[in-house]
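Please read the structure below before turning to the comments.
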Amino acid sequence: MTSDNDRRRGLLARLRGRPVVRSRGRRRLGAAVRLFAALMLAGGAYTVFAPGVQAQDNPPLTAAGNEGKALFDVSCVTCHGRNAQGVEGRGPSLIGVGAASVEFQVSSGRMPMARQEAQAMRKPPQFTDEQVRQLGQYIQELGGGPEVPNGDLREGANLSTGGELFRINCSQCHAFSGGGGALSSGKYAPSLAPASDRQIYAAMLSGPQNMPVFGDNQITPEEKADIIAYIQETLKHDGDPGGFNLGRYGPSTEGLAIFLVGIVALVFASLWIAGKS
């Protein structure tokens, strides 16, 4: 049997242990209260300072950007969405395309599109040059992207180098004469005859339709100037000294013309001579 002394020692031990249990419980409760207070403080600080952080992430638009946004909300929002994020089945996102893409598409009248087609066709522009610049500035401020530099885009250009670069990089689609040509799926490379310096530069930067993007790493700004100069000063002023240009589509049409006209004429001439002899 357990002695009275043992019972007393066990009771004293239990009594001594109670404060210890209470002390640990208080510490745990205090830690939970402090943690809750810290979370509440962090949440309150975030609530107070979050608008400021958001304002830094989305800085206010410039005057030109605001004018461009007003034009965008009237003419572009239906297909490209309220924040230019795109609308499925109507128009792609414009975030990151840059002012160069806007300048090419809008200044050439390809945008706004009248209807969905395989390719946007060139037509008279719906906006002035100033409005095109404002639209481009708005898209540029939304998500960045390539921009067409200001100034003379042909300054210091080399026509010989431009011709070589054009034949290597452009003639496969636009033909050696710049007259354009057919592509797959109802698309085509347009004629370069009506294109301005800025439109050609913007097209190289943005790669519209099936055209590849020629960034400054692929074709330097100086080489772009050479290509533009060759197109504007050589291709557009070629007087076709050989006579009728046959659409300026190259050797295919010339060979076909020789066969249909020259060979047929020779056959009939041979038959006529044989009949007279």
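We're numbering straight along the sequence, starting at 1. Keep in mind that this is a model prediction, so the values were computed, not measured.
- For Asn210, the side-chain hydrogen bond (donor to acceptor under 3.5 Å, both in side chains) test picks out Lys187, with sequence neighbours left out.
- Residues Leu142 and Leu94 are not in side-chain contact: their nearest non-hydrogen atoms beyond the backbone lie 4.5 Å or more apart.
- In terms of heavy atoms, Gly96 sits closest to Pro146 at O-CD, 4.1 Å.
- In terms of hydrophobic clustering, with Ile, Leu, Val, Met, Phe, Trp and Tyr side chains grouped at heavy-atom distances under 4.5 Å, Leu271 and Phe259 are assigned to a common cluster.
- Sorted by first then second residue, the ring-ring contact (aromatic ring centres under 6.0 Å, His included) pairs that include residues 77-115, not counting sequence neighbours, number zero.
- At a threshold of 4.5 Å between side-chain heavy atoms, the hydrophobic network of Ile, Leu, Val, Met, Phe, Trp and Tyr places Val148 and Leu135 in two separate groups.
- Sorted by first and then second residue, the pairs that involve residues 210-230 and meet salt bridge (Lys or Arg N to Asp or Glu O under 4.0 Å), not counting sequence neighbours, are Asp216-Lys224.
- Considering CE of Met121 and CD of Gln119, their distance stands at 9.0 Å, rounded to 0.5 Å.
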Side-chain donor-acceptor pairs under 3.5 Å in residues 82-90, sequence neighbours left out?
residue	atom	partner	partner atom	Å
Gln85	OE1	Asn83	N	3.0
Arg90	NH1	Thr78	O	3.3

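- Not counting sequence neighbours, the partners of Glu117 by the side-chain hydrogen bond (donor to acceptor under 3.5 Å, both in side chains) test are Arg115.
- Expressed to the nearest 0.5 Å, how far CG of Asn158 lies from CD1 of Ile227 amounts to 12.0 Å.
- The distance from the CZ atom of Arg34 to the CG atom of Leu39 is 13.0 Å, given to the nearest 0.5 Å.
- For the atom pair CD1 (Ile219) and CG (Asn217), the distance works out to 11.5 Å, reported to the nearest 0.5 Å.
- Of all heavy-atom pairs spanning Lys236 and Ala193, the tightest one is NZ-O, 2.9 Å.
- The ring-ring contact (aromatic ring centres under 6.0 Å, His included) pairs that include a residue from residues 192-219 number zero, where partners must be two or more places apart or lie in different chains.
- To the nearest 0.5 angstrom, Arg167 atom CZ is 8.0 Å from Phe176 atom CZ.
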Residues 68-77 side chain polar contacts: donor-acceptor under 3.5 Å, at least two apart:
residue	atom	partner	partner atom	Å
Lys69	NZ	Asp73	OD2	2.9

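- Listed for the Arg122 side chain is a donor-acceptor partner under 3.5 Å among the backbone atoms of Pro194.
- Applying the side-chain hydrogen bond (donor to acceptor under 3.5 Å, both in side chains) rule to Ser196 yields no partners; only residues at least two apart in sequence or on another chain are considered.
- Under the rule for a side-chain hydrogen bond (donor to acceptor under 3.5 Å, both in side chains), the partners of Asp197 that lie at least two apart in sequence or sit in another chain are Arg154, Gln232.
- Counting heavy atoms from C-beta outward, Leu183 and Gln209 have side chains that stay 4.5 Å or more apart.
- Chaining together hydrophobic side chains whose heavy atoms lie under 4.5 Å apart places Phe36 alongside Met40.
- Of all heavy-atom pairs between Ala157 and Ala229, the closest is CB-CB, 3.5 Å.
- Taking every heavy atom of both residues into account, Ala203 and Met211 meet most closely at O-CE, 3.6 Å.
- Distance check: Ile228 CD1 to Leu192 CG gives 11.0 Å after rounding to the nearest 0.5 Å.
- Taken together through direct or relayed side-chain contacts under 4.5 Å among Ile, Leu, Val, Met, Phe, Trp and Tyr, Val97 and Leu205 form parts of separate hydrophobic clusters.
- For Tyr230, the ring-ring contact (aromatic ring centres under 6.0 Å, His included) test picks out Phe166, with sequence neighbours left out.
- Counting all heavy atoms, side chain and backbone alike, Phe127 lies closest to Pro112 at CE1-CD, 3.9 Å.
- The stretch residues 101-114 participates, sequence neighbours left out, in these side-chain hydrogen bond (donor to acceptor under 3.5 Å, both in side chains) pairs: Glu103-Arg198, Ser107-Gln199, Ser108-Arg110.
- Atom CD of Glu155 sits in a sparse spot, with 12 or fewer heavy atoms from other residues, nucleotides or ligands closer than 6.0 Å.
- Panel note: side chain Glu233, backbone Leu159; no donor-acceptor pair is recorded below 3.5 Å.
- Here the closest non-hydrogen pair linking Ser185 and Ala118 is O-CB, 3.7 Å.
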